[in-house]
Every structure is written in C-alpha cells, then in structure tokens.
Amino acid sequence: MNKRLRVLNAMDKKEVDHVPVGFWYHYAGEYARGEACVKAHLDYYNEIDADIMKIMCDGYFPYPIEIEVNKASDWYNLKPLGKDHPYLAEQVWRVKRIKEETGDERAVFYNVNAPFSSLRNGAGNDLVMAHLKEDKGAVMHALDVVAQDNATICELCITEGKADGIYMPVQGGELARFSYDQYREMITPSDLRVLKHANKFSEYNILHACGWAGDKNRLEIWRDYPSKAINWAVYVEEVSMEQGREYFGERCCLGGFKNTRPGILFYGTKKDIQDYTKNLIISFGKRGLIIGGDCTIPAEVPHERMKWVVEAARQI
C-alpha cells in the first residue's frame with residue numbers, strides 16, 4: 001500500500017497496513033514563496049518520509065484589502081479578487097509545482113484558511129471585531145467576498161493543482177470572543193461557503209478546529225461542519241482522540257501529538273516518542289486514524305523527531 005492510498009483509506013475508515021503520519025510547520029523568510037518554498041516542502045517531507053503532505057499557504061495569510069476601510073460600511077465596497085489575481089494564481093501555482101514533483105507518491109492537501117482568519121490577517125483583528133459591533137452586515141458582506149475567493153482557491157487547487165483535497169483551519173471560536181449564536185450567525189455562513197464548495201470537487205477534505213490562541217473553543221460551533229476528517233487541539237480542548245471520534249460523528253481523526261512545549265516532541269527520547277506513538281495506535285485502533293500534531297509544529301523541533309513517529313507507526 002503506497003502512502004497516498006494509505007491516507008485515503010484512513011479517511012474512508014478502511015483497513016490500512018500502517019497508520020499514516022503527517023506533521024507540518026510554517027515556512028518563513030526566503031522559503032515562504034516561490035521555488036524556494038516548493039523545495040523546502042519537498043525536502044522536509046522527503047526527509048521525514050511522511051504519508052500526508054499539507055502544503056502551507058505561508059506568504060498568503062493576509063487577504064489583500066484593495067479598498068480603503070475607515071468605517072464599517074466601507075466593507076460593502078469590497079469585491080472578489082478573481083482567479084487571475086496573484087493572490088489566488090500564485091497559490092494554485094504552488095500546488096501545481098509540488099504535485100509535479102511528488103506525483104501520486106503521497107496524499108497532498110492545501111491549506112485554505114477560513115474567511116474570518118483571512119480577513120483578520122489582512123485588516124487586523126481589532127478593526128474587524130470593532131466593525132462587527134458597528135455594522136455586522138458590512139463585515140458579513142466582506143466575509144462573503146473573501147469566501148468567494150477562498151472557495152475558488154479550493155476549486156483550482158483540486159481541479160488544476162491536483163491536490164487530493166484541502167485542509168481548512170477554522171478560528172475565532174474562543175469562549176470569550178463570540179457566543180454560539182453569534183458565531184453561527186456571523187461567521188459560519190462564510191466558513192461553510194468555502195468548505196461546501198471544496199466538497200463539490202473532492203470528498204477528501206480536512207477540517208482543522210484550530211486552538212491557535214491556547215484558549216478553549218466552542219467546539220460545538222464546528223461539530224456539524226461537513227468534512228472527511230477532523231483535526232483539533234487535543235491538549236487545548238482536553239478532548240482525547242477517542243472522545244473526539246465520538247463527538248465529531250465517527251469521522252477520521254487526525255492528531256494525537258501536542259504541538260507546543262512541554263510536549264513529548266520537544267523533550268522525549270526516541271524511545272519515549274515511539275512508545276507514545278504505538279500506545280496512541282493501540283488505544284485508538286488502526287482504522288480511521290492519521291497521526292499528527294494538534295496544529296503546526298514549531299520549526300525548531302528537529303525533523304528526526306517526526307521521522308521517529310513515522311518509523312514507529314510502521315512497526316505496528
């Protein structure tokens with residue numbers, strides 16, 4: 001069974017020869033764009049021999065705000081960038097280039113952020129939150145515009161870039177930010193516009209309930225979002241892999257490793273890490289599991305540590 005089939009079988013909850021593994025981290029500086037970014041992805045994944053490759057959207061986190069926004073109502077002037085805009089076209093190019101090099105050796109997914117994250121990265125969190133209070137309809141219009149572009153990225157990365165699917169982080173569900181009803185009213189429509197569009201072009205899409213802030217999220221916000229696999233912050237949310245499998249409706253579960261200090265990837269010996277990996281598989285079972293991190297792994301973690309996880313998973 002090759003790496004790609006191993007991942008797709010896991011997502012389908014079919015039998016696998018070994019539990020697939022994938023870890024990822026952000027690329028900065030000269031490695032955030034262009035051919036250097038492509039090479040950095042390929043070098044890393046070849047080094048750790050991962051089954052699943054998530055192509056990062058580093059360099060494209062901020063959505064380009066090409067209008068002047070001084071008051072909330074200005075958001076009504078925002079229009080989609082369109083598929084030929086460099087913000088979209090360059091991301092699709094990245095997927096194409098990496099797929100040209102990898103072929104069908106391993107499963108490939110592209111990171112497409114939820115519109116709320118894209119907009120806050122582009123305009124600033126404080127401004128967006130203030131404008132939601134001032135005129136939520138205007139910001140919801142902007143979120144819908146961003147959703148149109150992010151949905152187009154999903155479509156093109158799958159149809160032209162030949163990615164197996166997309167990996168979509170959703171954020172903003174911290175307990176102190178919105179109530180359940182507020183999030184579902186103002187943010188969920190744009191989340192689902194992107195995710196449901198991606199689902200039209202691939203059934204193999206991954207939802208990431210991001211615990212980026214280190215604060216607990218209202219996981220119930222995202223519980224019914226349609227995806228083939230789910231990845232959440234086990235250690236932030238204090239929801240184990242086994243509990244998450246039941247909570248999110250028996251979907252394929254991705255994760256198991258804490259991505260922040262003092263997680264075992266930072267301090268564990270090779271034996272510690274490999275024993276942890278094997279115990280995770282024994283506890284969860286081999287069906288419907290992809291081993292990875294709660295979120296991106298800090299760049300300072302030596303690559304050999306992720307390779308130890310890959311090796312251990314293939315021993316059981």
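Quick note: numbers below take in every heavy atom, side chains included, and nothing from hydrogens, waters or symmetry partners. Residue numbers start at 1 and run along the sequence shown.
Geometrically, R120 engages F116 in a cation-pi contact, judged by NZ or CZ lying under 6.0 Å from the ring centre and within 45° of the ring axis. A cation-pi arrangement is absent between R305 and Y267 under the rule of less than 6.0 angstrom and at most 45 degrees off the ring axis. Taking the ring centre of F284 as origin, the terminal cationic atom of R245 falls inside the region bounded by 6.0 Å and 45° from the ring axis.
A distance of 9.0 Å separates CG in L289 from CD in E242, rounded to the nearest 0.5 Å. Summarising the geometry, atom CH2 belonging to W75 is positioned 12.5 Å from atom NZ belonging to K71; distances are rounded to the nearest 0.5 Å. Distance check: Y60 OH to Q91 CD gives 6.5 Å after rounding to the nearest 0.5 Å. Here C252 contributes atom SG and R287 contributes atom CZ; the two are 12.0 Å apart, rounded to the nearest 0.5 Å. Going from atom NZ of K307 over to atom CD of E304 covers 10.5 Å, rounded to the nearest 0.5 Å. Atoms OH and CE, from Y44 and M306 in turn, are 4.0 Å apart once rounded to the nearest 0.5 Å.
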For residues 166-173, run the donor-acceptor check on the side chains, cut-off 3.5 Å, and write out each pair with its distance to 0.1 Å, sequence neighbours left out.
residue	atom	partner	partner atom	Å
Y167	OH	H208	ND1	3.1
Y167	OH	N231	OD1	2.6
Q171	OE1	S117	OG	2.9

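A side-chain donor-acceptor contact under 3.5 Å links R6 to the backbone of M1. Remark: the backbone N or O of Y87 is not paired with any side-chain donor or acceptor of Y63 at under 3.5 angstrom. Using modelled atom types, no side-chain atom of D144 and backbone atom of M140 make a donor-acceptor pair closer than 3.5 Å. A donor-acceptor pair under 3.5 Å links the side-chain atoms of S190 to the main chain of I187, judged by distance alone. In this structure, E174 contributes its side chain and D215 its backbone to no donor-acceptor pair below 3.5 Å. Side chain of D135 to backbone of G137: a donor-acceptor contact under 3.5 angstrom is found. The backbone N or O of P86 sits nowhere less than 3.5 Å from a side-chain atom of W93 that would complete a donor-acceptor pair. Remark: side-chain polar atoms of S227 are not paired, donor with acceptor, to backbone N or O of I230 under 3.5 angstrom.
Between R4 and E105 there is no salt bridge, since no side-chain nitrogen of the basic residue lies less than 4.0 Å from a carboxylate oxygen of the acidic one. Between D149 and K79, none of the side-chain N atoms (NZ, or NE/NH1/NH2) sits under 4.0 Å from a carboxylate O, so this pair counts as no salt bridge. A salt bridge is absent between E100 and K162: the closest approach of a Lys/Arg side-chain nitrogen to an acidic carboxylate oxygen does not fall below 4.0 angstrom. Ion pairing of K216 with E237 is absent here, as no side-chain N (NZ or NE/NH1/NH2) approaches a carboxylate O to less than 4.0 Å. R97 and E101 are joined by a salt bridge, as a carboxylate oxygen and a charged side-chain nitrogen come within less than 4.0 angstrom of each other. Salt bridge absent: D51 and R106 never bring a charged side-chain N and a carboxylate O closer than 4.0 Å. A salt bridge between R223 and E220 is absent, with no side-chain N of the basic residue lying under 4.0 Å from a carboxylate O of the acidic one. Using a 4.0 Å cut-off between charged nitrogen and carboxylate oxygen, K13 and E250 count as a salt-bridge pair. A salt bridge between K286 and D17 is absent, with no side-chain N of the basic residue lying under 4.0 Å from a carboxylate O of the acidic one. We find that D224 and R184 are joined by a salt bridge, their nearest charged nitrogen and carboxylate oxygen being less than 4.0 Å apart.
Ring planes of Y76 and H141: tilted class, angle from 30 to 60°.
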Please step through side-chain contact (heavy atoms from CB on, under 4.5 Å) for the pair I55 and N111, ending with a clear verdict.
CA-CA 6 Å; I55 303 174; N111 190 96; over 6 Å; no
Applying side-chain contact (heavy atoms from CB on, under 4.5 Å), run through D272 and I264 and close with a yes or a no.
CA-CA 8 Å; D272 291 335; I264 195 169; 4.0 Å; yes
Step by step, work out the side-chain hydrogen bond (donor to acceptor under 3.5 Å, both in side chains) result for T188 and Y225.
CA-CA 9 Å; T188 290; Y225 280 23; 2.9 Å; yes
After noting the C-alpha distance and the side-chain angles of Y204 and D12, does the key distance pass the side-chain hydrogen bond (donor to acceptor under 3.5 Å, both in side chains) rule?
CA-CA 9 Å; Y204 296 105; D12 284 329; 2.6 Å; yes
side-chain hydrogen bond (donor to acceptor under 3.5 Å, both in side chains) between T296 and N259, intermediate numbers included:
CA-CA 7 Å; T296 52; N259 70 305; 4.8 Å; no
Would you check, one step at a time, whether the test side-chain hydrogen bond (donor to acceptor under 3.5 Å, both in side chains) holds for E90 with H85?
CA-CA 8 Å; E90 290 174 6; H85 191 282; over 6 Å; no
Chi angles and distances behind the side-chain contact (heavy atoms from CB on, under 4.5 Å) call for T277, I291:
CA-CA 8 Å; T277 302; I291 292 177; 3.8 Å; yes
Run V7 and D164 through side-chain contact (heavy atoms from CB on, under 4.5 Å) and show every step you take.
CA-CA 10 Å; V7 171; D164 291 290; over 6 Å; no
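Linking Ile, Leu, Val, Met, Phe, Trp and Tyr whenever their side-chain heavy atoms come within less than 4.5 Å leaves V236 and F266 in two separate clusters. Side-chain heavy atoms closer than 4.5 Å link hydrophobic residues (I, L, V, M, F, W, Y) into clusters, and following such links, even through other members, never connects M11 to L5.
Clustering of Ile, Leu, Val, Met, Phe, Trp and Tyr by side-chain heavy atoms under 4.5 Å joins L156 with V92.
If you look at F257 and Y276, their ring centroids are closer than 6.0 Å. Proximity of the aromatic rings of H26 and F61 is defined here by a centroid distance below 6.0 angstrom, and this criterion is met. In this structure, F248 has its ring center at least 6.0 angstrom away from the ring center of W222. Ring centroid separation for the pair H41 and Y25 does not come in under the 6.0 Å cut-off.
The shortest distance between side-chain heavy atoms of I153 and Y110 falls below 4.5 Å.
None of H197, K200, K83 except one satisfies the side chain to side chain donor-acceptor pair (under 3.5 Å) rule with E155; the exception is H197.
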